[in-house]
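What follows is a set of notes on a single structure, which appears directly below.
Predicted model, so just to flag it, every value in this text is computed and none were measured.
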Number of protein chains: 2
Amino acid sequence: MAGTRTHTYSHYTRQAIRLLGVLVRTGRLERRMTARELSERAGISRDMLYRIEKGDPRVQLGAAFEVAAIVGVPLFETEHGLLEARLHAARDRLALLPGAVRKSPGKVKDDF
Amino acid sequence: MAGTRTHTYSHYTRQAIRLLGVLVRTGRLERRMTARELSERAGISRDMLYRIEKGDPRVQLGAAFEVAAIVGVPLFETEHGLLEARLHAARDRLALLPGAVRKSPGKVKDDF
DNA sequence: ATAATTTGTCTTATACAAAAGACATCAGGC
DNA sequence: GCCTGATGTCTTTTGTATAAGACAAATTAT
């Protein structure tokens, strides 16, 4: 089935989402945009923007990031031009890692 | 209707989402976790984790942040303990702004 | 090389998120 | 203190994202 969430979100996750919402709202008000304006510009409903600003974890990642970008909340604390460089660097780093994780009989060297 | 997205995402948004995916994958491999392990721990399907790592904008914000938190990708470049402080600070700042935006005849002091 | 596991990717069914709209309340400017 | 527009919040409808499962291709360890 869809969305069968038995797990709850971690405290950290919930706070991060709330922070994103507050930052979006702050950015919007500072730019003196109404909720309707911003939602239209982002291509979402006002209700969804409302939920993003409120910190609802169930909104689409793309929608949340898009409004954040519009009102100037820097994702990954990185401004527009530099994101590309970070992406490349991250990919280079990823390329060094094995493509599959093999659970050898030995140890589950899982984090502590 | 649901999800009627006429708008495309900005380049910045798409890159940010891809970066998140790469960071998650990198974090997972570095910790030697299989996709199944991580998805179970996060309470999502393996398919959804696959899409998060691939950079699909349509995944749930909460799911994406949760796996990121589990594999140690610092959201907002802020470690766990400090997120709370940032949230409070952001709220204080928000409290200083007007509660509603009034479109006075003047100008939309929108971003440059 | 071989065996076994992991990953990439689709498909299907269904629960649920998103849009739209409505309304009350609230806040800002006059 | 009004008026007007903005915001908080529900409800209903409908499209779609999600989980689950399946399979092939890839990858790792032996």
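If A:Leu97 and B:Arg58 are placed on DNA chain D by their nearest nucleotide, the residue sitting closer to the 5' end is B:Arg58. Residues A:Asp47 and A:Pro98 each lie close to DNA chain D; by heavy-atom proximity, the contact nearer the 5' end of the strand is made by A:Asp47.
A:Glu40 contributes atom CD, which lies 9.5 Å from atom NE2 of B:His7 (distance to the nearest 0.5 angstrom). To the nearest 0.5 angstrom, B:Asp92 atom CG is 9.5 Å from B:Leu87 atom CG.
Residue A:Tyr50 places at least one side-chain N or O closer than 4.0 Å to OP1 or OP2 of D:dT9.
Listed by first and then second residue, the salt bridge (charged side-chain N to carboxylate O under 4.0 Å, His left out) pairs that reach into residues 9-20 of chain B come to none, sequence neighbours excluded. The list of salt bridge (charged side-chain N to carboxylate O under 4.0 Å, His left out) pairs with a residue in residues 51-65 of chain B, not counting sequence neighbours, reads B:Arg25-B:Glu53, B:Arg28-B:Glu53, B:Asp47-B:Arg51, B:Arg51-B:Asp56, B:Asp56-B:Arg58.
Note that the two end axes of the helix from C:dA1-D:dT30 to C:dC30-D:dG1 enclose an angle of 80°, each drawn from 5 base pairs, rounded to 10 degrees.
C:dA19 atom P lies 12 Å from atom CD of A:Glu40, rounded to whole Å. Put simply, CD1 on A:Ile52 is 16 Å from P on D:dT9, counting in whole angstrom units. For the pair B:Leu38 CG and D:dA19 P, the computed distance is 13 Å after rounding to whole Å. For B:Gln60 and C:dA18, the CD to C1' distance is 12 Å, given to the nearest whole Å. Between the CE atom of A:Met48 and the P atom of C:dC16 there is a distance of 18 Å, rounded to whole Å. We find that CZ of B:Arg51 is positioned 13 Å from P of C:dT9, with the value rounded to whole Å. What separates CG of B:Asp56 from P of C:dC10 is a distance of 12 Å, to the nearest Å.
For A:Tyr12, the ring pair (Phe, Tyr, Trp, His ring centres under 6.0 Å) partners are B:His80, not counting sequence neighbours. In terms of the side chain to side chain contact (heavy atoms under 4.5 Å, CB included) criterion, residue partners of B:Ser39 (sequence neighbours excluded) are, by chain and number, B:Ile44, B:Arg46, B:Leu49. Under the ring pair (Phe, Tyr, Trp, His ring centres under 6.0 Å) criterion, B:Tyr50 pairs with no residue, sequence neighbours left out. Residues satisfying the side chain to side chain contact (heavy atoms under 4.5 Å, CB included) test with B:Glu84, not counting sequence neighbours, are A:His11, A:Gln15, B:His88.
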Expected list for residues 67-79 of chain B: side-chain donor-acceptor pairs under 3.5 angstrom, two or more places apart:
{"from": "B:Thr78", "atom 1": "OG1", "to": "B:Phe76", "atom 2": "O", "distance (Å)": "2.6"}
{"from": "B:Thr78", "atom 1": "OG1", "to": "B:Arg86", "atom 2": "NH1", "distance (Å)": "3.2"}

Between N or O atoms, less than 3.5 Å apart, protein on one side and nucleotides 3-7 of chain D on the other: list the pairs.
{"from": "D:dT4", "atom 1": "O2", "to": "B:Arg102", "atom 2": "NH1", "distance (Å)": "3.4"}
{"from": "D:dT4", "atom 1": "O2", "to": "B:Arg102", "atom 2": "NH2", "distance (Å)": "3.2"}
{"from": "D:dG5", "atom 1": "N3", "to": "B:Arg102", "atom 2": "NH2", "distance (Å)": "3.3"}
{"from": "D:dT7", "atom 1": "OP1", "to": "A:Arg28", "atom 2": "NH1", "distance (Å)": "2.7"}
{"from": "D:dT7", "atom 1": "OP2", "to": "A:Ala35", "atom 2": "N", "distance (Å)": "2.9"}

